Amino acid sequence: MSIGFTNTITTRASNSVLISPLRLQPRPISHSQKNSSVMLQNTSQQSPVGKNLSGDTLPPPKRKAVEMADSEDESDVSLHGINRVSPALNGSKKISKKARLNRPPFRSKSTANDLLRQREELPIWTGRETLLKEICQSDTVVILGETGSGKTTRKHYTFRFVLILTDLLEVPQFLLEGGFAKDGIIACTQPRRVAATSLASRVAAEQGVTVGTTVGYAVRFDERSSPETKIKFLTDGMLVRELLGDPLLSKYNVIIVDEAHERTLRTDFLLASLKDIQKRRNTNKLIERRLNPLKIVIMSATLDAERFSQYYNNAKILNIKGRQHTVKIYYTAQPQEDFSEAALKTFFQVHVTQPPGDVLIFLPGQEEIESLQQSVRMYANDLPHDKMQVIVCPMYASLAPSLQNKAFIPTPPNTRKCILATNIAETSITIPGIKYVIDTGFCKEKSYIARERGSAVESLITQPISKSSAMQRAGRAGRLLKCLGQSPEDVDFMDPPDPDYVKVSLLNLFGLGALDSKGTITDTGRKMASLPLETSFARSLLAAQENGCTYEVLSIISITSASAKLFIDSSETREAAYAARQKFVHPSGDHIVYLNVLRAYRDIAKQETIRGRKEWCRSHFINERAIKESEDIMEQLKRVCEKLQIDWKASSGENVEPILKSLVRGLHQNVALLHPDGQYKQIQDRTAVNVHPGSSLSGRKVSCIFYEELIFTNRTYARGVSSIPVSFIAELPSYQFRAA
DNA sequence: GCCACGACC
């Protein structure tokens, strides 16, 4: 194995196990490459799905099952067929350099007609009629894309790439072409924003329209749809939000729930709501009111399909077998100590030995991506001139959108794109032209551990549950009188949340004033549910309305709701950053610091150029992206406030008392008192908390603190901490619970 | 005297 750069990796290898040249093991996903087949078959009645998945022993198709020999050579591996430039290149393993250079940029070729021809070659097309017929006949259909023989997680990822991006993407278009959108919209929900937006662009291109016309999308802060929109991709959270305003989702004829197997609380809640809505809409009474029956299409990639089917009254399961070997996956022969280095080597091995095609590398996080990005660039520069160029595209959620887009830009001729992604791309990103996937295997393991740790933490778990049940209550309350007073225990979840957590969260909602003592939603609760915020901050905002400081509290909430951290923090710059931050400090603690930063930035923004703002942020170690995101959130919150007739302009000026009072109202459970032994103890259960060293209150002792969240590492740390007089908490319900 | 990552509204 000769890779010129192997010897030059020294620094990191010296203190880790030196990796001998990697033995690559290309493992096709499908166990039966040569004759992989397409099955579109109803399997729900007679045979359990599991049998079909476990091997090739599918029962003889009862209905219209279609089998098709795989006509594609294995080396033709374009997702969507996008990088299939000319038929001459198709399927040929060796592409001459000349041919590569002659490749036209594919964008000019990607007319809707070309795309249609490519689409028609997809396996799922052979089962198009069956699929439409089934959806026509049944209220609910479950589409299962099978994962092939082995079911390791890694294979699973790749499977999703292939099937969802090629075949399952056809489903909304079939429905459109099959007339399901004549007087209503076909919705397709996605768990992630980037999936919703990129799928919309892809389908728009295939339909030969621009995004926002027939094909559109809706995600937070970004909606591109119009009255003519027929296929709408949206995040599941967005659809839940629409539920609040339109409890029967009346403008939708079909709702496709993609990636249903991911089973977050949001999707579970959505699935339960859809089931309920379908029951209501598909009764005669409502048909009289001219509401179309609702069709539900569940797309799942796992054996969960059977459970989905049971949940929806034995809905039919359509089993799609697709070309599953269109992406090669490479593992290293042995587990690698230094996965970054292993990934680097593997990439260049692929690069110098394999035919054109882009490479996707999964890495655990931003840091690893940034470092690997540098390494790849460095080594790519040293490659002989007859090798392909390398373009490195980082891809992680907190990356600026413009930089993220780089990965979606078609790869120029004689070039290989190297996409470095976190598990943002794990499921449903549409990156055309990916041919090789290198999975360090690390991101999954890491996140698994994190999740275990997370689930041990009560406060982290109960939060989303409480939010969801608040919404659910609001959604139900909005429906009509008669649904009022339904308790969340009555909602027909596939897997009901742990009753203990439900109890805790209901108690919290009661403490926030969102529920009355009978468990009925209050006006306050209804308002809270219509704010796109955690329940705690939603309550803080309403308190701010009473206290006349909505502007300040909105600002603070916006900062804390942004995904990026406000302060840039790394061990090297920590001291400088600390010094720069001093000009924003306030004796009360972190929340007023946020406010001060935001105020300062807004002043700067008024007079400075974009470059000036950047420079200001840099010199103060402030993350401008966090500020921009928070200003986006603020704008959105302002609009919601206007709808709810909350005056967002009310300001308490320099008086911080009402601000802190409002914040602690929502965070009433996150309060700790200083005990004589010098430790802070939570008022609820008297367990000890420590102020996080990153907090401006670190090292100071004050009598009473409240905080945004607890982080459990070696010790229990409170982050986002402010000091308040003890008198502020006397009237808080949690304090009264404690006394009682 | 300090641990992530990712996702949604």
Side-chain angles (χ1 to χ4, degrees), chain A residues 189-197 218-223 234-245 259 262-270 362-370 395-399 421-429 440 442-454 460 463-464 467-468 470-472 474-475 528-535 537-538 541 557-558 561-565 567 569-571 574-575 577-578 629 632-633 636-637 639-640 689-700 710-719 721:
Chain A
T189 74
Q190 296 292 327
R192 273 171 268 287
R193 300 163 54 93
V194 63
T197 53
V219 299
R220 191 188 195 187
F221 299 136
D222 195 6
E223 170 151 13
L234 67 179
T235 47
D236 46 18
M238 203 67 181
L239 195 60
V240 168
R241 193 121 298 264
E242 288 191 14
L243 258 171
L244 297 174
E259 311 268 16
E262 288 207 5
R263 301 290 310 277
T264 63
L265 197 80
R266 260 195 326 278
T267 46
D268 272 19
F269 176 64
L270 194 61
F362 283 116
L363 289 157
Q366 178 178 347
E367 202 178 307
E368 289 84 355
I369 287 177
E370 283 168 353
M395 188 81 188
Y396 44 87
S398 50
L399 188 71
T422 58
N423 44 11
I424 183 184
E426 190 181 290
T427 48
S428 37
I429 267 186
T440 58
F442 253 81
C443 65
K444 200 62 191 178
E445 276 172 58
K446 252 196 169 172
S447 69
Y448 194 71
I449 292 163
R451 222 162 274 163
E452 271 181 359
R453 190 199 281 165
L460 293 178
Q463 212 67 346
K467 184 184 170 188
S468 152
M471 286 210 239
Q472 159 192 317
M528 279 168 57
S530 50
L531 289 164
L533 290 170
E534 310 231 339
T535 46
F537 287 129
L541 182 55
I557 289 174
S558 303
S561 304
S563 62
K565 288 216 178 84
F567 295 116
D569 183 51
S570 73
S571 45
R574 195 160 286 161
E575 282 182 25
Y578 180 81
E629 192 188 342
D632 269 347
I633 295 173
Q636 190 198 14
L637 291 175
R639 288 195 295 272
V640 179
V689 293
N690 306 278
V691 175
H692 194 278
S695 165
S696 64
L697 276 188
S698 173
R700 281 179 51 202
L710 292 181
I711 303 292
F712 299 84
T713 52
N714 297 329
R715 309 164 77 187
T716 304
Y717 288 106
R719 271 211 297 226
V721 189

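Model, not experiment: these values are computed from the prediction. First the proteins, then the strands, lettered A, B, ... as listed; each starts at 1.
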Distance in angstrom units between [X] [atom1] and [N] [atom2], rounded:
{"X": "A/E259", "N": "B/dA7", "atom1": "CD", "atom2": "P", "value": "14 Å"}
{"X": "A/Q636", "N": "B/dC9", "atom1": "CD", "atom2": "C1'", "value": "7 Å"}
{"X": "A/L234", "N": "B/dA7", "atom1": "CG", "atom2": "P", "value": "18 Å"}
{"X": "A/M238", "N": "B/dC8", "atom1": "CE", "atom2": "P", "value": "12 Å"}
{"X": "A/F269", "N": "B/dC9", "atom1": "CZ", "atom2": "C1'", "value": "12 Å"}
{"X": "A/I369", "N": "B/dG6", "atom1": "CD1", "atom2": "P", "value": "8 Å"}
{"X": "A/L710", "N": "B/dC2", "atom1": "CG", "atom2": "P", "value": "17 Å"}
{"X": "A/L697", "N": "B/dC2", "atom1": "CG", "atom2": "C1'", "value": "16 Å"}

To the side chain of [X], which of [options] is closest?
{"X": "A/R220", "options": "B/dA7, B/dC9, B/dC2", "answer": "B/dC9"}
{"X": "A/R715", "options": "B/dG1, B/dC9, B/dA7", "answer": "B/dG1"}
{"X": "A/V219", "options": "B/dC9, B/dC8, B/dC2", "answer": "B/dC9"}
{"X": "A/R241", "options": "B/dC9, B/dA7, B/dC2", "answer": "B/dC9"}

[N] phosphate, OP1 or OP2, under 4.0 Å from [X] side-chain N/O:
{"X": "A/T235", "N": "B/dC9", "answer": "yes"}
{"X": "A/R574", "N": "B/dG1", "answer": "no"}
{"X": "A/K565", "N": "B/dC3", "answer": "no"}

If you assign A/S698 and A/R719 each to the DNA chain B nucleotide with the nearest heavy atom, which residue ends up on the more 5' nucleotide?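 With A/S698 and A/R719 compared, the 5'-side residue is A/S698.
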Keeping [X] on the side-chain end and [Y] on the backbone end, is there a donor-acceptor pair under 3.5 Å?
{"X": "A/Q190", "Y": "A/D236", "result": "no"}
{"X": "A/S695", "Y": "A/V691", "result": "no"}
{"X": "A/R241", "Y": "A/S530", "result": "yes"}

Mind checking ring pair (Phe, Tyr, Trp, His ring centres under 6.0 Å) for A/Y717 and listing every partner two or more places apart, or none if nothing turns up?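 A/Y717 satisfies ring pair (Phe, Tyr, Trp, His ring centres under 6.0 Å) with A/H692 once adjacent residues are dropped.
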Residues two or more places apart in sequence or in another chain: which of them pass side-chain hydrogen bond (donor to acceptor under 3.5 Å, both in side chains) with A/T267?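 So A/T267 forms a side-chain hydrogen bond (donor to acceptor under 3.5 Å, both in side chains) with A/T264.
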